Protein chains: 2
Amino acid sequence: DPVTGVFRGVIAGCGYFSRHHLEAWRRIEGVEITATCDSDPARARAAGLAAYTSADQMLEKERPHFLDLVTRPETHLELIRTAASRGVAVICQKPLAPVWGEAVEILRIARSAGIRLMAHENWRWQPWYREAARLIRQGAIGQPHAYCLRMRHHEGRGDDPFPAQPYFRDMPRFLVYEILIHHLDTARFLFGEIETVCAELARLNPAMRGEDRAVITVRHQSGLTGVIDGHTLHPSASGVALGDAWFEGGNGRLALDPNGNLWTERGCVWRNDVAAGYRGDSVRAAQAHFIECLRSGAPFETDIEEYLRSMAAMEACYLSAERKAIVSPLKFLVDSQSE
Amino acid sequence: DPVTGVFRGVIAGCGYFSRHHLEAWRRIEGVEITATCDSDPARARAAGLAAYTSADQMLEKERPHFLDLVTRPETHLELIRTAASRGVAVICQKPLAPVWGEAVEILRIARSAGIRLMAHENWRWQPWYREAARLIRQGAIGQPHAYCLRMRHHEGRGDDPFPAQPYFRDMPRFLVYEILIHHLDTARFLFGEIETVCAELARLNPAMRGEDRAVITVRHQSGLTGVIDGHTLHPSASGVALGDAWFEGGNGRLALDPNGNLWTERGCVWRNDVAAGYRGDSVRAAQAHFIECLRSGAPFETDIEEYLRSMAAMEACYLSAERKAIVSPLKFLVDSQSE
């Protein structure tokens, strides 16, 4: 609001993850969430704010500055169309869209309506990755030679995997689409654009429909090669970093442990003491960035157009596994330009 | 010898690595090395045994039971032809041959002469891998889900890489051909046949002609996927294991540290206290296996025909990088059968 400086927002989708959004919004200054919306009226009311079952009605009545979209990916295109028609800025949870064509359509809608649209991608906002990026750019490891982001989750085990998000079981594309896109985006954040990916995908737990094991080899435009290695059958509960990572360069090595601490050969160089929020308070950091950029006019790190590069890398992984080939994400980006 | 039970051997090639062979032979009971041969007479004499500059003359005069071939790969085919014509068993250092066609030709020669021929592949004989294999087969980690063999060497740094083996610098194919074939073979030893590989290769040090960085994704016939990740620009001296490794399964995790110790979540489960010989005395173990099988008639673990599968995986890595494709080693094996 130009007078009060407060951004009024509304939330569409009141499932498992939206509680993290709401909790984080409440700790960001200059933001007021006025309403929530869900097709299930009881869930819509749970936050104790104005409750709607129709996003269109919510936007009509609340006249917010922004829409926080936490619904399932299948609904994003239509809801963004609605928000765009009203000139409302959107912060949209990932996956942005279930198929590539819809993501491109979302970009077009946002562009032609002139609304601002940021992908709610919290992974790169985890403080250990911010600090790792700072150290690497400072030259702490020298020229990067190799890296690995290793994702481990334990809830994919057994006959009833992912009890908090049981729809994970029925997704035709699971691990890369739902989870490792975080790591592809973080790899871009740390090391720049991705030139090619090669993916080996497998389904280890027969109770899952989609893949729950992936090894992705990444080649960056800089020439750097790294690995994103994930599965969801870890025998024990995973730490806050949902796995670990290492980054190697000509002068040294930086390692992330599962608890979010960073190490070099000399010992611990960054201790994770973030207790608040989700995974290093990364949801709050992503949302604070959204508000800061709305206020300043600066570009979002994960502006829709920018984030399409991470999505293209994700799509390239599936194409790689299908065609048994090393695939460039550019294939998707160029196709989307020429359509 | 049928009377004394002693196997008399001769060594061809007196370069850097043959000293490890000779030292190991001296600690194997029932073996006598009678002569060494090198094109450089001074090197041939260095061992203090009968010295030759011609392998043919050495075989003619010494009439050994076996030839230990430690010459450069380019010479293996002709020397094996010579040994085969005299019915002499051969233990041959890797790389077996500089190109795939020569390896297949070597197999044919050995088969048609009926001589026994073992690839001198020490990596899988490192005691930490023997113990890891035993633990994994015992069910220590449950069903294997994922693994990584990470190879790190420090001698590839700077303007004069690999001072002990300077010819490494000029090899058109270096890291996979010369070093990571060990890891491909060890992966087969641990987890069975390889169905496909995908390789990203890069040259990091411009003083090298061939690649000194590789990420190889391996899919085994069992469905297991793993990673072989290597480079030779490690900032500090590497431990005896030349890197590290981890193996994950449904029930747990086993890790190899750079000093050759094995760890589970419960702590160290195998302490490397092998001080003798080369890398866990693996050269001696490979050579002792050769003698044991000569004596018993049992097949060698790395019999030429068996080892061709590891070589095919190595060749598949280069084809993968060239074609930007996921490649089956079977392509090479089938081609070699049908020729």
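The analysis underlying the following values was restricted to heavy atoms, covering all of them including side chains, and did not include hydrogens, waters or symmetry mates. We name chains A, B, ... by the order of the sequence lines, and we start the count at 1 in each one. Remember, it's a predicted structure, so these values are computed and weren't measured experimentally.
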Study note, to complete from the structure: Among residues 252-273 of chain B, those lying within the under-4.5 Å heavy-atom range of chain A are B:Gly252, B:Arg253
Practice item. Below 4.5 Å from any heavy atom of chain A, which atoms of B:Glu248 appear? Answer side chain, backbone, both or neither. Key: side chain
Check your understanding: Between A:Lys324, A:His231, A:Gln143, which has the largest tally of heavy atom pairs under 4.5 Å with chain B?
Key -> A:Lys324
Exercise for review: Go through B:Arg150, B:Arg323, B:His234 and name the one with the most non-hydrogen pairs under 4.5 angstrom from chain A.
Suggested key: B:Arg150
Revision key, fill the gap. Here the pair of heavy atoms bringing B:Pro235 nearest to A:Asn251 is CG-C, 4.0 Å
Point to revise | Proximal to chain B - members of residues 211-222 of chain A, heavy-atom separation under 4.5 Å | key: A:Arg213, A:Val215, A:Thr217, A:Arg219
Check your understanding: In residues 223-230 of chain B, which residues are in contact with chain A at a heavy-atom separation under 4.5 Å?
Key -> B:Thr225, B:Gly226, B:Val227, B:Asp229
Study note, to complete from the structure: Of B:Gly142, B:Ala321, B:Gly250, the largest count of non-hydrogen pairs under 4.5 angstrom with chain A goes to B:Gly250
Point to revise | Residues in residues 152-162 of chain B that sit under 4.5 Å from chain A, counting heavy atoms only | key: B:Arg152, B:Arg157
**Study point:** A:His145 versus chain B, the contacting section by heavy-atom distance below 4.5 Å
**Key:** both
Review point. Counting heavy-atom pairs under 4.5 Å to chain B, which of A:Ser236, A:Ser320, A:Ala146 comes out on top?
Key: A:Ala146
